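Keep in mind the model is a prediction, meaning the values are calculated, not measured. Computed over heavy atoms, backbone and side chain alike; hydrogens, waters and symmetry mates excluded. Within every chain, numbering begins at 1; the chains are lettered A, B, ... in the order of the sequence lines, protein sequences first and strands thereafter.
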Amino acid sequence: MFSGGSGGGRPIRVLNVAEKPSVAKSVAEILSRRGGGFRSREGRSRYNRVFEFDYTIRGQACHMLMTSVTGHLMELDFDERYRRWHSCDPADLYNAPVRKYVPQDKLDIKRTLEEESRSCHWLILWLDCDTEGENIAFEVLDVCAAVNNHLDVWRARFSALIDREIHQSVQNLVRPNKLLADAVDARQEIDLRIGASFTRFQTMLLKDAFVLDFLDEDRNLVLSYGPCQFPTLGFIVERYWEIQSHEPEEFWTINCSHMSDNGTAAFNWMRGRLFDYTCSVIIYEMCVEQPIATVKNVKQQQKLKYPPFPLSTVELQKRASRYFRISSERTMKVAEELYQAGFISYPRTETDSFSVNTDLHAIVQEQVAHREWGAYAQRLLDPEARLWRNPQNGGHDDKAHPPIHPTKFSSGESNWSEDHKRLYGFVVRHFLACVSQPAVGAETSVEIDIAGEQFSASGRAIISKNYLEVYHFETWGGSIIPTYDIGQQFLPTTLTLDSGVTRPPPLLSESDLLSCMDKEGIGTDATMHDHIKKLLDRCYATKDANTRFSPTNLGEALVIGYDGMGYELWKPYLRSKMESDTKEVCRLLQQMKACFLDARQNKGKLFQAMEIFFERSNRAGDTQQSLTENVCPAKCAKRWQFMVGCIRFPQCRNVVWLPGATSEATVTSNICNTCGQYLLCLHVGPVFMIQFKFRRLEIPANYEVNHLGCIGGCDSVLRDLIEICGTGSRNLSSATGRLSIACDNCGATCALRTANTANNRGRKFTPASLKNAIFSSTWEDELESAGTEGRGASHRSSRSSSANRRGGQGRRQGREAVNADVTFVTATGDPVSGRCYVCGDPSHFANAAQTDLRSK
DNA sequence: GCAAGGTC
């Protein structure tokens, strides 16, 4: 499998590249642990060090160099002459040449890669296992291959930085997937072209044409458009319009309360609200006239409130906004700093379930010394307390990072801001909550009847707070109501008809906005906050003290403008469609590649079809050689040649097959006197005489080699020869001396060619004559020689044939253990072999001898 | 002066 090394015991040099320095270090630590650790040295870039250690990959001794990039190594931009804003019509940006290049601040990393890869044999890419990671893999590959085109390039696929996973991935390397990388290239190019064209267009069109007095004098205004920022603006504008268009409507409802010695209960009308005043008054008066309430139903049940799922990035941002009013952008900045300092795990993750390998107890153990939540952590670890519960699985896994959790204890660092303290505390409390029992409450609901109208009240007593003790961001309302018995009657303390007006929904909060983006696939967990911030920077929206967003006049004007044109550029569908379409192209290409590989595997079918219409050429060029080496029908089917079709063939499938012994057949211009305008099928046409030439050895001695005949049915010579030699056609059932068996996988029938050769002329096969079928492991040579050339014509060893096949992919993989070919021995002792011409698998004839063998 | 996506 692996190549390029110097072989034997001498180690080869392997360059390993990770997506970020922390991963490079972790992987180096894991892989070098058994060999006594790694050496570390500086690279050209001060962030990206190089780690060195020895390791063995599949028996090959390797000297490993492990370094990293920092995300994308390259950027995409237009060619120089299109970069200036006035250099071209923005419409030209849809065709302008673009190029990928390593920007200035990444040149140091590029130099490290170039220098290190020069001396290496292999390159192993340890990028994140997502489409962006695959794209970065090719950026690294391009840089390295430019200085060393002998590199053998591999991709390590891993989903977590844990020992087992990393060792497994390096022992099972795969090739990088260009199609996935191309999908990202396509998305990047689309983003650039539409972003730049619309941005230049609307900026140059509008900026100086209006008095935009909300701007600072010195601020250079850009009216940007982007496929993520505009839909984000769209969410804000749409909610704003919903509020604007809301028309308050008056409604009425009846409320009832009952105060007794052991508390007060507030009953709600089970009709909810009525928008008709007269109706409400009539019902209310009925109640007032007969105000005695009768208890109809009392329900008491235990309710559980579950702790949240393990923490993903979007949840972190939403909850930080909700609980502390910290903006998503600030949250990510602070979380990044906490991560850099080692206090929390990687903050950009979609994963909301812990891997079974995570030592959750150890994480809790670290926190027992904290003065606020330490005692709770201690109780969690105490089996007697019965507080522990394995975390729920939120159902998302980005296969790259675990949920956000604390990685180091801190009682607060001196350089931490309030936000650092809040976020660290939140991450810890969230984690502790995840491994805790749900809160338990006792819920009571009471239904009463007053003059035929139903009312209900409910109360809840918390029996056990459990996770809520440490997760005090969430509350679980606990009002207690008096005890009631069914049938009990009482006079309400108050019974009122109250009016109200409907209210519009609130403006979108940051948490709502993140939810909308997450739901519609706008941006990624790592970029959503950027898009929100961009709207504020561009003066498209504002955020109030309650973290609620309103569009500015500018933002609303842009949306109205495009909406008026009929373009929903501000709706989320465009972005979703781009993402799904580029992935679809990638999927389609992958599908077609699989289809191609399968078609190549089954090329015998194409030969079969071609042979119906054409004679095989004798040109055995390289291409042909390689095409035919695994396909027996190609070589052994020379005798299946002639048929005469309807003038409408192949639309009309009516054909007449000629004797198998035919070596030449030429249609003459003479019309048969007997058959004339013979009705061959629905398509009437004249029947022309045919000049035949038969192979001497294949026809009885009393027949002529040259024969002018008619296929219309009047020619007794042709009828005789077909009777004697067969036609060679696999779908003419009247032929004699032919044998077909059905593949037990695909059901296709396959004629055994031996039946039509000179040696078998006139021989009748019967199932009984094939009872002695034996299976052997010989390859197609057997069939080829049996079919045409005579045995032993071109024998290859079964080992080499087997190796040829293993190179192919598809359904035959994993069948190596099955006898590769089948040899049937007839009663006379002659072997005949066959393999399915549809699916190509010889093993599919395994049961043919008993079940599907037919003699025609 | 433009996008969105990585990450430091």
Practice task
Mind running a 4.0 Å heavy-atom check of residues 182-190 of chain A against DNA chain B and sending the residues that fall below it, in number order?
Solution key: A/R187, A/Q188
Problem - Residues within residues 551-571 of chain A bordering DNA chain B, heavy-atom distance below 4.0 Å - result: none
Handout entry: Nucleotide of B/dA3, B/dT7, B/dG1 approaching A/L192 most closely (side-chain heavy atoms)
Key = B/dA3
Fill in the blank from the handout: So salt bridge (charged side-chain N to carboxylate O under 4.0 Å, His left out) across residues 16-26 of chain A, not counting sequence neighbours, yields A/K20-A/D128
Practice task
List for me each residue that meets side chain to side chain donor-acceptor pair (under 3.5 Å) alongside A/Q188, sequence neighbours excluded, and say none if there are none.
Solution key: none
Exercise for the section: Sequence neighbours left out, what passes side chain to side chain contact (heavy atoms under 4.5 Å, CB included) with A/R99? Give chain and number order. Expected result: A/D79, A/R83, A/Y101
Handout entry: A/K408, NZ atom: more than 12 neighbouring heavy atoms under 6.0 Å
Key = yes
Practice task
With heavy atoms under 4.0 Å as the rule, sort A/S45 into base, sugar-phosphate or nothing.
Solution key: nothing
Practice task
Only counting residues at least two apart or in another chain, list the ones meeting side chain to side chain donor-acceptor pair (under 3.5 Å) with A/Q202.
Solution key: A/Y562
Exercise for the section: Verify the contact: side-chain N or O of A/T524 to OP1 or OP2 of B/dG6, cut-off strictly under 4.0 Å; return yes or no. Expected result: yes
Practice task
Answer with base, sugar-phosphate or nothing: what part of the nucleic acid does A/P90 contact at a heavy-atom distance below 4.0 Å?
Solution key: nothing
Exercise for the section: Mind checking A/F198 for me? I need base, sugar-phosphate or nothing, with any heavy atom below 4.0 Å counting as a touch. Expected result: nothing
Exercise for the section: Counting heavy atoms from C-beta on, name the nucleotide in B/dC2, B/dG6, B/dA4 closest to the side chain of A/H72. Expected result: B/dG6
Handout entry: Short side-chain N/O contact to B/dC2 OP1/OP2 from A/R538, under 4.0 Å
Key = yes
Practice task
Return the value, rounded to whole Å, for the distance between atom CZ of A/F138 and atom C1' of B/dG5.
Solution key: 18 Å
Practice task
Can you spot which of A/F354, A/Y424, A/F309 makes a ring pair (Phe, Tyr, Trp, His ring centres under 6.0 Å) with A/F431?
Solution key: A/F354
Completion exercise
Atom CG of A/D128 and atom C1' of B/dG5 are separated, to the nearest Å, by 12 Å
Practice task
Identify whether a stacking contact exists between A/W85 and B/dG1, where the ring centres must be under 5.5 Å apart and the planes under 30° apart.
Solution key: yes
Exercise for the section: Report yes if a side-chain nitrogen or oxygen of A/T199 is closer than 4.0 Å to either non-bridging phosphate oxygen (OP1 or OP2) of B/dA3; otherwise report no. Expected result: no
Problem - Rounded interatomic separation in angstrom, taking NE2 from A/H531 and C1' from B/dG5 - result: 8 Å
Practice task
Please state how far atom CG in A/L206 lies from atom C1' in B/dC2, giving the value in whole angstrom units.
Solution key: 15 Å
Fill in the blank from the handout: So the salt bridge (charged side-chain N to carboxylate O under 4.0 Å, His left out) pairs with at least one residue in residues 321-330 of chain A (sequence neighbours excluded) are A/R330-A/D419
Exercise for the section: Would you indicate what A/Y346 reaches in the nucleic acid, counting non-hydrogen atoms under 4.0 angstrom: base, sugar-phosphate, or nothing? Expected result: sugar-phosphate
Problem - Pairwise 5' ranking along DNA chain B for A/G226 and A/I109, keeping only the more 5' one - result: A/G226
Handout entry: Salt bridge A/K106-A/E75, side-chain N to carboxylate O under 4.0 Å
Key = no
Completion exercise
The answer to which of A/M74 and A/A196 contacts DNA chain B further toward the 5' end, by nearest nucleotide, is A/A196
Completion exercise
Quick note, A/V222 side chain, CB onward, closest among B/dT7, B/dC2, B/dG5 is B/dC2
Practice task
Looking at every strand, decide which applies to A/G133 at a 4.0 Å heavy-atom threshold: base, sugar-phosphate, or nothing.
Solution key: nothing
Practice task
Determine whether more than 12 heavy atoms belonging to other residues, nucleotides or ligands lie under 6.0 Å from atom OH of A/Y94.
Solution key: yes
Completion exercise
Whole-Å distance, A/R575 CZ to B/dA4 P, equals 7 Å
Exercise for the section: Would you mind reading off the distance between A/K100 atom NZ and B/dG6 atom P, rounded to a whole angstrom? Expected result: 13 Å
Exercise for the section: Would you indicate, yes or no, if B/dG5 has its OP1 or OP2 atom less than 4.0 angstrom from a side-chain nitrogen or oxygen of A/T527? Expected result: yes
Practice task
Measure from NZ or CZ of A/R175 to the centre of the six-membered ring of A/W154, then state whether that distance is under 6.0 Å and the direction lies within 45° of the axis.
Solution key: yes
Practice task
Not counting sequence neighbours, which residues clear side chain to side chain donor-acceptor pair (under 3.5 Å) with A/H167? List them please.
Solution key: A/Y55
Practice task
Please name all residues satisfying side chain to side chain donor-acceptor pair (under 3.5 Å) with A/N135, sequence neighbours left out, ordered by chain then number.
Solution key: A/K100, A/D185
Practice task
Describe the nucleic acid contact of A/K207 in one word from base, sugar-phosphate, nothing, applying a heavy-atom distance below 4.0 Å.
Solution key: base
Exercise for the section: Describe the nucleic acid contact of A/N48 in one word from base, sugar-phosphate, nothing, applying a heavy-atom distance below 4.0 Å. Expected result: nothing
Handout entry: Spacing between A/F78 atom CZ and B/dG1 atom P, to the nearest angstrom
Key = 15 Å
Practice task
For A/I194, report the nucleic acid contact type (base, sugar-phosphate, nothing); a contact means any heavy atom under 4.0 Å.
Solution key: nothing
Exercise for the section: Nearest whole angstrom, please: distance from the C1' of B/dG5 to the NZ of A/K534. Expected result: 11 Å
Exercise for the section: May I ask you to say what A/I136 touches in the nucleic acid, namely base, sugar-phosphate or nothing, with a heavy-atom cut-off under 4.0 Å? Expected result: nothing
Practice task
Pick base, sugar-phosphate or nothing for A/D77, based on heavy-atom distances below 4.0 Å to the nucleic acid.
Solution key: base
